[in-house]
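These numbers come from a predicted model, not from an experiment. When a residue number appears, it is its place in the shown sequence, counting from 1. As a basis for the values below, the full set of heavy atoms in this structure was taken, side chains included, without hydrogen atoms, waters or symmetry mates.
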Amino acid sequence: STASLVFGGSGTQTFDGGGTSTWDGSVVISGTSTVQMTGGFTLNAASKNLALASGTLDLNGQALTVNGTSATFIVDSGATLQLQGGETITANTNYPQLDSGSTVKYNGTSGPYTLKDYTYHHLTIAGGASSVFVLAANESFAGNVTLTTGILSQGGFTMAVVGTFANNATLRRLQVETFTGTMDVDSGTVEYVGDGDGAAETVTVTDFGGIGTDYYNLTVNDVNVTKDIFALGAATTIAGTLQVTLSEFQQNTQTLTPANIIVDGGTLTGGSGAITVSGAVTISSGTFTSTSNTLTVSGAWTHTAGGT
């Protein structure tokens, strides 16, 4: 058909695009509805467009092609393009066009997934708790980045957030890839995992807070055979928990002020600055070598047989 297909209204509507069959008319999604694809869809007629005026298009793991001559694929302000992360999207150069106020939401529950190298406005990660979504290139987000569930990995690339960075899940960093924006320090975890290049490099963790709070939760968890070492280069305040699971975390000469410390497999090496823990210290495995300065622990100290 060459007629336009318009999805309006509210609620969830399913759409089976027919797999490899094609549609010769434009498609418009409006209203507050979520249009969930149940089959692949190809829109390849000349000047036939896909327009997300409002509501949500959920690819739901299906392939999408919008590549007719002069065809456009535009996500307007207030509309959402939702995908698991592994879908194939084929579009003309510079599309999809993600207008100011638009959102791309990734919700896959397996992975790892590689983010599409688009010009994003808002980004939401809402996948499985352990699902990893990895940047494919240096990315600048003109709007907000919201991590609801899952893990967003910088993957060695730079990341800039012009709007609000809301981390209710995990931001994973290999080493100290550039992050430009305001770190969320009232929720979420920043996890350092090493770059796995076979060299044991000493990495100075990022001082996000200046003279204020630097992290909510900070985790060191390098699973590589040859592990990097993560070290402080400035006084560091952690509103939540410092967790050293794998690899070594070195205090050096800096003051360290976390709410809690967990050592469960890694090595926490104290230096010459004060360590002030407002909550508890738990050592279940691994090693905690205290500072030569003052160690203050206001909460419980739990040391099981596996730790030293």
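- Of the residues listed (Thr237, Ile275, Thr276), the one engaging Leu256 in a side-chain contact (heavy atoms from CB on, under 4.5 Å) is Ile275, and it is the only one.
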From CA spacing to verdict: side chain to side chain donor-acceptor pair (under 3.5 Å), Ser4, Ser26
CA-CA 5 Å; Ser4 293; Ser26 293; 4.7 Å; no

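- Using cut-offs of 30° and 60° on the angle between ring planes, the pair Phe15 and Phe41 is perpendicular.
- Judged as a salt bridge (charged side-chain N to carboxylate O under 4.0 Å, His left out), the pairs with a partner in residues 188-208 (not counting sequence neighbours) are, in order, Arg172-Glu191.
- The one candidate from Asn138, Thr180, Thr178 that meets the side-chain hydrogen bond (donor to acceptor under 3.5 Å, both in side chains) condition with Thr158 is Asn138.
- Across every non-hydrogen atom of Ile261 and Val277, the tightest pair is CD1-CG2, 3.7 Å.
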Verify side-chain contact (heavy atoms from CB on, under 4.5 Å) between Leu83 and Tyr106, making sure each step is shown before the conclusion.
CA-CA 5 Å; Leu83 62 157; Tyr106 291 83; 3.7 Å; yes

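- Criterion: ILVMFWY side-chain heavy atoms under 4.5 Å apart, direct or through other members. Under it, Val193 and Leu246 are not part of a common hydrophobic cluster.
- A 4.5 Å side-chain heavy-atom check between Met183 and Leu171 finds at least one atom pair inside the cut-off.
- Screening Leu52, Asn92, Thr90, Leu43 for a side-chain contact (heavy atoms from CB on, under 4.5 Å) with Phe73, the sole residue that qualifies is Leu52.
- Taking all atoms of both residues into account, the shortest heavy-atom contact from Ala126 to Thr148 is CB-CB, 4.1 Å.
- The closest side-chain heavy-atom distance from Leu147 to Phe165 is below 4.5 Å.
- Residues Tyr113 and Ile125 have side chains not in contact (no heavy-atom distance under 4.5 Å, counting atoms from C-beta outward).
- Closest approach of Thr206 to Tyr192, counting heavy atoms only: N-OH, 3.3 Å.
- In summary, the side chains of Thr269 and Glu248 do present a donor paired with an acceptor at a separation below 3.5 Å, with no hydrogens or angles considered.
- The side-chain heavy atoms of Val220 and Asp222, taken from C-beta on, include no pair separated by under 4.5 Å.
- Looking at every heavy atom in both residues, Glu139 comes nearest to Lys116 through OE2-O, 4.0 Å.
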Step by step, work out the side chain to side chain donor-acceptor pair (under 3.5 Å) result for Asp99 and Ser77.
CA-CA 6 Å; Asp99 284 353; Ser77 176; over 6 Å; no

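- In this structure, Phe208 has its ring center closer than 6.0 angstrom to the ring center of Phe179.
- Between Asp16 and Gly39 the shortest heavy-atom distance is OD1-CA, 3.7 Å.
- Val28 and Ile74 fall into different hydrophobic clusters, where Ile, Leu, Val, Met, Phe, Trp and Tyr residues are linked whenever their side-chain heavy atoms come under 4.5 Å apart, directly or through other members.
- Tyr215 and Leu174 are members of different hydrophobic clusters when ILVMFWY side chains are connected at heavy-atom separations under 4.5 Å.
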side-chain contact (heavy atoms from CB on, under 4.5 Å) between Asn107 and Gln84: does it pass, once the steps are laid out?
CA-CA 5 Å; Asn107 70 344; Gln84 295 172 2; 3.9 Å; yes

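- Across Asn217 and Thr241, no two heavy atoms sit closer than the pair OD1-N, 2.8 Å.
- No hydrogens or angles considered: nothing links the side chains of Asp264 and Ser284 as a donor-acceptor pair under 3.5 Å.
- Neither side chain, Asn60 nor Asp58, offers a donor N or O lying under 3.5 Å from an acceptor on the other.
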